[in-house]
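Right, one structure below, let's go through it.
The structure presented is a predicted model; accordingly, all values stated were derived computationally and were not measured.
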Amino acid sequence: MQREEKQLDAALEALLQRINDLKTSIRTLLFRLENEYASLSWPSFLDSYAVISGQMNTLLKVMKNDKTPLLRNLIVLPLVLSPNPDEELKQATEGRVVAFSHDITPDMLRTKPDPDVEQRQNQFEQRASQVPPETAQKQINALNKVVNHVLEQITHSREDWENEATVRAAAAQTCVMADTHTLIAAVGLGKNLKTLPIAAPAQPGPGRAQAGPAPGKTTSTIKTTIKAASQVHPYNR
């Protein structure tokens, strides 16, 4: 009897550890969906979902392990029912259950669905049993056809995305990003540009006055050659 109790304690400890890992992953994913939905990408969501799926499989493996006793053969009985708050119970349930009272005990120890849920499930099963087998088979075939078509579209789209990503990764780089950023900063913000010295104006001849630049303006040092309009263009016929 003592050996069975030790096996049960070890199995429950392993199950609780896997369940806590699963709860943490689900809580993290829900937090990201609520607070990081603007920056959350689809591949990142699939990675989180894959982690949760793997943890579910691990939990099922622990439950199907030979060392894990059959939990369905065990019975849980409440030892004490009290409306007074229980701090240990509150901490164990993360604040969801404050007291193990008469009102909450049937829901916590229920081994069957809620009566309303069970009644609706029975109604659905009765409606499903009234459908003729031939009609049901036709509906199943039609649904499988739609699902297979959608699956093919998703598979083709995924292959196209992977091929495009591979081509982009293998393509030779035709520019240096550091130089591109430097050029953009120079054109847009004038960063790292050198100021050219202003040439001194020529002295005017005797009897001639030269107007200086207006206050606040600088003299341009760019020389422009203006060709006469009468010059013949080499491409004119």
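- Rounded to the nearest 0.5 Å, atoms CD1 (Ile19) and CG (Leu12) are 9.0 Å apart.
- Taken together through direct or relayed side-chain contacts under 4.5 Å among Ile, Leu, Val, Met, Phe, Trp and Tyr, Val147 and Ile154 form parts of separate hydrophobic clusters.
- With rounding to the nearest 0.5 angstrom, the CG atom of Leu33 is 11.0 Å from the OG1 atom of Thr28.
- Counting all heavy atoms, side chain and backbone alike, Pro69 lies closest to Gln7 at CD-O, 4.2 Å.
- Looking only at side-chain heavy atoms (C-beta outward), Phe100 and Met108 come within less than 4.5 Å of each other.
- Checking each of Met56, Arg27, Gln17 against Leu22 for a side chain to side chain contact (heavy atoms under 4.5 Å, CB included) leaves exactly one that passes, namely Met56.
- Summarising the geometry, atom CD belonging to Gln91 is positioned 10.5 Å from atom CG belonging to Asp86; distances are rounded to the nearest 0.5 Å.
- The environment of CD1 in Ile75 is sparse: at most 12 heavy-atom neighbours from other residues, nucleotides or ligands sit within 6.0 Å.
- Looking at every heavy atom in both residues, Pro78 comes nearest to Leu81 through CB-CD2, 3.9 Å.
- A distance of 9.0 Å separates CG of Asp21 from OG1 of Thr58, quoted to the nearest 0.5 Å.
- Annotation for Glu36: atom CD counts as buried by contact number, over 12 foreign heavy atoms lying within 6.0 Å.
- Using modelled atom types, one finds a donor on one side chain and an acceptor on the other under 3.5 Å when comparing Asn141 with Gln137.
- If you chain together hydrophobic residues whose side chains sit under 4.5 Å apart, Leu109 and Leu89 fall into the same group.
- Residues Ile26 and Leu46 are members of one and the same hydrophobic cluster, defined by side-chain heavy-atom contacts under 4.5 angstrom among Ile, Leu, Val, Met, Phe, Trp and Tyr.
- With contacts defined as side-chain heavy-atom distances shorter than 4.5 Å, the pair Arg110/Pro115 qualifies.
- With values rounded to the nearest 0.5 angstrom, Glu13 atom CD is found 10.5 Å from Arg18 atom CZ.
- When every heavy atom of Ser48 is checked against every heavy atom of Leu29, the shortest pair comes out as CB-CD1, 3.8 Å.
- Side-chain atoms of Thr93 and Val98, non-hydrogen and from C-beta on, never get closer than 4.5 Å to each other.
- Hydrophobic clustering of Ile, Leu, Val, Met, Phe, Trp and Tyr side chains at less than 4.5 Å, counting indirect connections, keeps Leu40 apart from Val51.
- For Tyr49, there are no ring pair (Phe, Tyr, Trp, His ring centres under 6.0 Å) partners, not counting sequence neighbours.
- With hydrogens and angles ignored, the 3.5 Å screen pairs no side-chain donor or acceptor of Asn65 with any backbone N or O of Lys61.
- Put simply, Leu16 and Val76 are part of two different groups of oily side chains (I, L, V, M, F, W, Y) that touch within less than 4.5 Å, one to the next.
- No side-chain donor-acceptor contact under 3.5 Å links Thr68 to the backbone of Lys64.
- Annotation for Ala99 and Pro83: closest pair CB-O, 3.6 Å, computed over non-hydrogen atoms.
- The shortest non-hydrogen separation linking Leu15 to Met63 is CD2-CG, 3.5 Å.
- Put simply, CG on Asn35 and CG on Leu30 are 10.5 Å apart, with the number rounded to the nearest 0.5 Å.
- Atom CD of Glu125 has more than 12 heavy atoms from other residues, nucleotides or ligands within 6.0 Å.
- For Asn73, the CG atom sits in a packed shell: over 12 heavy atoms of surrounding residues, nucleotides or ligands are nearer than 6.0 Å.
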